[in-house]
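Just so we're on the same page: letters track the sequence lines, and every chain starts at 1.
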Amino acid sequence: MKTIKRNLSPATLTRLAAALLLPFSAFAAPTDGSKIPALYQENCASCHGADLGGFIAPALNADTLKGRSLTSLRTLTMAGSFDTLMPPFYGRLADDDIRGLVSYLKATPKQANPAWTLEDIKASVKVYVKDESTLPAKPTYQIDDINNIIGVAARGKYGRGEGSKAVFINSVTHQVIGEIPTGTAAHIIDYDPANPRWAYVKNDSAELFKIDLYSMQIVRSVKTGFNGPSLGVSRDGKYIMAGSYVPHNAVILDANTLEPLKTFELEGIDPDGKQVSSDSGMIIGTPFADIFAIALENAGQVWVVDLKEGFPVTRIENVGRHLHDAFLSHGGSKLMVASYDDSIVTAIDLKDRKIIKKLEAGCVPHVGGGSVVEVDGRTLGFGTNFGDCDKMVVSVWDLDKMEVVKQVPVSGGTESPAAHANAPYVAVDIISKDRRARTVQLIDKKSLEVVKTLDVGGHAYFPEYSADGKFLYISAGYNGDEVVVYDSNSLEKIASIAMESPAGIFSHGRVRYMTRGLSPDELTKRDGDKGAK
Amino acid sequence: MNRLALLSALTLGLLSFNPVNAAVIYAGKEKAIAVCSHCHGMIKPSVDAPFPSLAGRDLTYLKSALAQYRDKTRKNDLMNALAGSLTDNDISNIAAYYAGLKIK
């Protein structure tokens, strides 16, 4: 998910606005003003931020809404916004409540970052299955290999409700094998690399669910903050780390019980010398060591947390301006971190805990889960860039030499690349806000040229290969309402799986190949090189 | 394939193909994406939505309902606004798209 705070762009709803422009004598304060903040929290906050500061959707407060007319805001709320995830609230919220909401938002400044402490996190743990020994010893459904599971974060039309769930699919048969309701939109799914039965799902209100994949049910849950997409699992499966935008902290949890062990206040000196409080960017565990790496978005730092007594932190400063996501290569010892505002991707050596090099990317690099492929003796990293600018490219770097190989021209901004050792193409999702958003482009691994464009429909994004590399899964998100499956070689459409606003797609195979595109054998070999730890 | 074979294949293809129906559904899908799907979904509306499902509904009903919304003989602010700009062709195409959908 493109998690960026931006200003509301004017929607082209003039036709509707005209029709809905009912007499608007007075935007009177609602008779019961006190229920409006609660309505905001229940209907809007998971996308627009509990603090009115924005999350995956724009900030809505007195500052950002200055100059916007109440009528146009009301129309937008009623009708939704085409080409975005904003749903129509017509029929869901009473007209008076919509009026009350827009008046409230226009008059209210962004709220202070609310606290969510270790004690709050601890008190939020819910236990759904008390005795885990009662869980089945193997999957209760037919599946040859648990790595064939693909999880899809279905947002649900309203970003909450019955449509919001994590959907698990057998990527050999393309049949749904389990659905886990998540309350608000599921955002990220991660898997335990050590024990195949556990999956972790985080939703847009920062609730984290521990899922038993064998019986397809929630075992425990915890609320780690108010929002924030980041989530990592340690290589031994013992720890989880989750980070928030609201408030500005991250927490390490015991993966078994989801009890919090330590929280981290995210702050530091940014590359321009300013002390800042920071959103949590990506968090990643690595097969290389017993550590987590976390990107501090605004502070421009990467912290390496050792998973030992006291969880000590090594701070790597001056990584870039506005960090977001990252991917691993070289057995998990090298970390490639995207920096939005510098249009670079910074390579970090996790062994020496130092910056190796800052590599040129496109505009606003958003690498998603990244991709790494071995071609003709070279290790190539692929990075997507979601900015709309003159130079729309997918960046390709040689990760051994740490240099740019090519900036591959593509038809628009891109959000997430997918690759597989057994598939010939690197798939990138075009997200530019017009018909191009329906498409995914395929870059030939060898020629590094776009060789094909798929018209998937919806807002096509988050491509992902099945663990065997035979199938390419793509979310036709927003209003597309299906996940479309293609044959990786012939690119013929094989199947369609209906769900509401599907977004991120996460193959269980990722625990074997670490970063998409690498061969599982390669990881095993590198593991052998450094010796079992 | 040599040229002649290609040409005859193309000709045959054209003859055996009913361009009207195919075009209608394709164009209807495009319009549905742009105008209807935000509330009614491309396949079905959200389980949380107050909007009716259109997939598999009777073709004639869909056409007449859309025409009534457009002509404001059936009143609903939102539907009157959205259907207001649809042409007769748009209405036939959209109705053909949704009527032809099968819900699993």
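Although no hydrogens or angles enter the test, the distance criterion places a donor-acceptor pair under 3.5 Å between the side chain of B:Asp48 and the main chain of A:Gly163.
Among all heavy-atom pairs drawn from B:Ile43 and A:Glu482, the shortest one is CD1-CB, 4.0 Å. Nearest heavy-atom pair across A:Tyr90 and B:Asn76 is OH-ND2, 3.1 Å.
Remark: A:Tyr158 engages no residue in a side-chain hydrogen bond (donor to acceptor under 3.5 Å, both in side chains) (not counting sequence neighbours).
Heavy-atom distances place both the backbone and the side chain of A:Glu162 under 4.5 Å from chain B. Contacts of A:Arg438 with chain B are made by side-chain atoms alone, with heavy-atom separations under 4.5 Å and no backbone atom involved.
Of the residues considered (A:Met86, A:Arg92, A:Glu500), A:Glu500 shows the highest number of contacts with chain B, using heavy-atom pairs under 4.5 Å. For the set B:Ala34, B:Pro50, B:Gly41, B:Gly84, the count of heavy-atom pairs under 4.5 angstrom toward chain A peaks at B:Pro50.
Atom-to-atom distance recorded for B:Cys39:SG and A:Asn479:CG is 9.0 Å, nearest 0.5 angstrom.
A 4.5 Å side-chain heavy-atom check between A:Lys157 and B:His38 finds at least one atom pair inside the cut-off.
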